[in-house]
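Everything numeric in this text was worked out from a predicted model, so none of it was measured. So you know, we letter chains A, B, ... as the sequences are listed, proteins then strands, and number each from 1.
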Amino acid sequence: MPVDTIAGTPVDVNEEGFLTDPSQWNDDIAVELARREGIDPMTERHWEVVRFMRAEYEAKGTGPTVRVLGKTSGVPVKELYQLFPKGPAKLAAKIAGIPKPRGCI
Amino acid sequence: MHQIVILGGGTGGTLTANRLRRAYGWDEAHITVVDQDDAHVYQPGLLFVPFGLTQPEDIVRPRGRQLRHGIDYLTTGVDHVATDRREVVLADGMTLAYDALVVATGSVLAPEETEGLTGPGWMERVFTFYTPEGAAGLEAALDTFDQGRLVVNVVEMPIKCPVAPLEFCFLADWFLRERGVRDAVELAYATPLDGAFTKPVAAEHLGGMLADRGIELVTEFNTGEVDGTGGRLISYDEREIPFDLAVVIPAHNGAPCIGRSPGLGDELGFVPTDQHTLQSTVAPEVFAVGDAASLPISKAGSVTHFEGEVLVENVQRFLAGKPLDGSYDGHANCFIETGFHKAMLIDFNYDVEPLPGHFPGEVGLPLLKESHLNHLGKLMFQWVYWHSLLPGRDIPGIHSAMPTAGKKHAADT
């Protein structure tokens, strides 16, 4: 399994760059991952979504899909796309250090 | 005497009821099936309606008639389930108490959740083939469609039968060629996924088949708005796809009665369920089967069929106070109609993606490959559905667990 050094910390990642062990994550890693995806700076609204993703993952074992995120996070889908362009659920999951949401089967 | 209540008289509810009725003597269990209407649709048949290959009335039968003697069938809505009191509250306020509840309420389409989808143009130039009415409306529209852009769009996963929209593209290509107008029509397939399908090997095969047929593939397209008047699909990240005729598969939710039942469903109204035992994680006496369950596998009739065996075993074990059997492996099996009297077959589970080879063993139907034999298999399946799958009979040679004998793994090739 590949190891990537993010913000000075070695972490295990998969071939798409998602952390495989969410416990290795910290705020500095999130900021660096966001920067690599072109999100700079992380605003309070970004953090709100990222922390929500982590809480959902801890409770349910999988991150929410965009539609669920729009229904439950308090951030409307349109804004989610402005915060995390292209694929909010995928991108926010990556920055939150959790696996890619499995919603799409 | 055990009281078993089954919500839903579709694929999952019917085959579960019939299998349970055979498993228990009449004095051992009382089985009740509840559904809001008496029309059981053979849903795989909807795909063929827009192309005039079948008629809506040919794929609908009464629900009650598919149930064995000794099963009570109630045609009534369900208001909600009170899991704390172990009872179902019906639309008329009557209640049904249960020792075991099987939720088989399927999924419902939610076109109203996409801005503009049910606005101007809906059922005129914007259709879905996921309902009998939509499929019939689309047949009329396709009949006179001889030039312009035809766009097939999946709004969001999960949807029932994730291969059906691709099959629609392949059949549309065939249909338009047969009518001699294919050159005047641009065909496009827009999906929220990052490829033609979810699983890598099949996505590559299916993506290649779209390319071979000159069907444009637009990936990671998350439909935010449908502009029926201007003929545009608009994504949340503000990309646009123009259309003259749009075939849209709307977002899906669980049944509304699940949403009304405190603690029973997730955000979308699907029942959180153990992926190996099919017992809900909500309450031990509640089980879920088919589309109603929130499982990481396709919402498809074959999945429901393969789940049925484990589910029925586990309802019996639960009622007898025994440990449950955790053997459901996520087995799914789908014929993919590809036009020109051919079809492809894919077979997979939670862990093994669709691979080439043969099904169910080394001699059998070709996997991940177009063939006339698979097309005949798909046509024959409608008979198998009514006469073998719903009555809950085992289909010879086809088991709940996914077979591995005929599959070619990457390491073998």
> Considering residues, nucleotides and ligands other than A:Glu16, do more than 12 of their heavy atoms fall under 6.0 Å from its CD?
Replying inline: yes
> Do A:Lys71 and B:Leu268 come close enough that some side-chain heavy atom pair is under 4.5 Å?
Replying inline: yes
> Checking heavy atoms, do the side chain of B:Glu113, its backbone, both or neither come under 4.5 Å from chain A?
Replying inline: side chain
>> Let's test your reading of the structure: which of B:Asn253, B:Thr281, B:Asp194 forms the most heavy-atom pairs below 4.5 Å with chain A?
In response: B:Asn253
> Atom CE of B:Met157 and atom OG1 of A:Thr65: how far apart are they, to the nearest 0.5 Å?
Replying inline: 11.0 Å
>> Quick check on A:Glu79 against chain B: is it the side chain, the backbone, both or neither that has a heavy atom closer than 4.5 Å?
In response: neither
> How far does NZ of A:Lys78 sit from CD of B:Glu115, to the nearest 0.5 angstrom?
Replying inline: 5.5 Å
>> Within a 6.0 Å radius of atom CD on B:Glu204, are there more than 12 heavy atoms belonging to other residues, nucleotides or ligands?
In response: no
> Can A:Arg67 and B:Asn222 be counted as having a side-chain donor-acceptor contact under 3.5 angstrom?
Replying inline: no
> Non-hydrogen atoms of chain A under 4.5 Å away: do they reach the side chain of B:Asp266, the backbone, both or neither?
Replying inline: neither
>> Looking at chain B, which one of A:Val77, A:Leu80, A:Thr72 has the largest number of heavy-atom pairs inside 4.5 Å, strictly under?
In response: A:Val77
